[in-house]
Amino acid sequence: MPVVGPITALAVEAFAPAMASFKRGRDFAAWLGLVPRQHSTGGKERLGRVSKAGQVDIRQLLIIGAMSRLTWLGRKAIPEGSWLARMLGRKPKMLVAIALANKMARAIWAMLTKKEDYRDPALATAA
């Protein structure tokens, strides 16, 4: 998976519990502290800041990897019109990095629970 190197993969294997203990990818991302805190009531959904209450080491590695993707050299590989390019056009870079880290955490959960390798979405749509 791009921007997830051997150190991040080793940290997930070492510090995270078994992926079967999480019902879905969002639960894993919430365990890491990469989802917004909810202040919902009466059917009205209100999302706050990212909680940061979770596993610090893996969360930091995912955010650092996402920020490296958003730097000048990494932006060259971002396809025009993708959700990442659209988010960069309207949101601050750090918020986009946390959103990308959240997406990477969900993909890691999916790969580990299904025991599959990473499939590049750009190649999947081209085929």
Side-chain angles (χ1 to χ4, degrees):
M1 182 174 192
V3 304
V4 175
I7 294 175
T8 306
L10 187 63
V12 169
E13 286 294 320
F15 297 132
M19 291 297 155
S21 64
F22 301 108
K23 203 175 206 182
R24 54 189 156 269
R26 189 183 195 286
D27 295 338
F28 177 59
W31 180 79
L32 290 173
L34 287 171
V35 296
R37 181 171 286 169
Q38 292 188 355
H39 300 286
S40 305
T41 180
K44 185 178 260 188
E45 185 174 298
R46 294 185 181 141
L47 299 177
R49 296 175 184 233
V50 174
S51 65
K52 296 184 191 172
Q55 217 294 327
V56 178
D57 301 319
I58 301 172
R59 181 178 64 241
Q60 284 180 343
L61 287 170
L62 287 174
I63 291 174
I64 289 169
M67 283 299 286
S68 72
R69 172 76 174 176
L70 299 178
T71 59
W72 185 77
L73 289 174
R75 278 195 225 167
K76 291 180 181 178
I78 297 173
E80 194 65 36
S82 65
W83 77 271
L84 190 54
R86 290 192 309 269
M87 286 274 288
L88 276 171
R90 66 178 193 262
K91 299 286 184 187
K93 192 187 324 186
M94 191 63 185
L95 190 135
V96 175
I98 292 173
L100 181 59
N102 185 349
K103 192 169 185 172
M104 291 186 318
R106 291 173 184 225
I108 288 169
W109 176 84
M111 287 188 301
L112 290 176
T113 54
K114 295 176 183 176
K115 295 180 179 28
E116 293 181 359
D117 291 333
Y118 177 75
R119 293 185 310 227
D120 191 6
L123 296 176
T125 57

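Note that the numbering runs from 1 along the sequence shown for the chain.
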- [ ] Report whether Val3 and Met1 are members of the same hydrophobic cluster (ILVMFWY, side-chain heavy atoms less than 4.5 Å apart, transitive linking).
- [x] yes
Task: Sequence-distant partners of Ile58, side chain to side chain contact (heavy atoms under 4.5 Å, CB included), two or more places apart - done: Ala11, Val12, Phe15, Ala16, Trp31, Leu32, Gln55, Leu62
- [ ] Report whether Val4 and Ile64 are members of the same hydrophobic cluster (ILVMFWY, side-chain heavy atoms less than 4.5 Å apart, transitive linking).
- [x] no
Donor-acceptor list for residues 94-110 side chains, cut-off 3.5 Å, not counting sequence neighbours:
from   : atom 1 : to     : atom 2 : distance (Å)
Asn102 : OD1    : Arg106 : NE     : 3.1
Asn102 : ND2    : Leu34  : O      : 3.4
Trp109 : NE1    : Met19  : O      : 3.3

In a table with atom names and distances, give each donor-acceptor pair under 3.5 Å that connects a side chain of residues 79-91 to protein atoms at least two apart or in another chain.
from  : atom 1 : to    : atom 2 : distance (Å)
Ser82 : OG     : Pro79 : O      : 2.9
Ser82 : OG     : Ala85 : N      : 3.4
Arg86 : NH1    : Gly81 : O      : 2.6

Open item on the list: Taking transitive links into account, so neighbours of neighbours count too, which hydrophobic residues share a cluster with Leu61 at under 4.5 Å side-chain distance?
Closed with: Ile7
TODO: Provide the closest heavy-atom pair for Ser21 versus Ala18 in the form atom of the first, atom of the second, distance.
DONE: OG-O, 2.6 Å
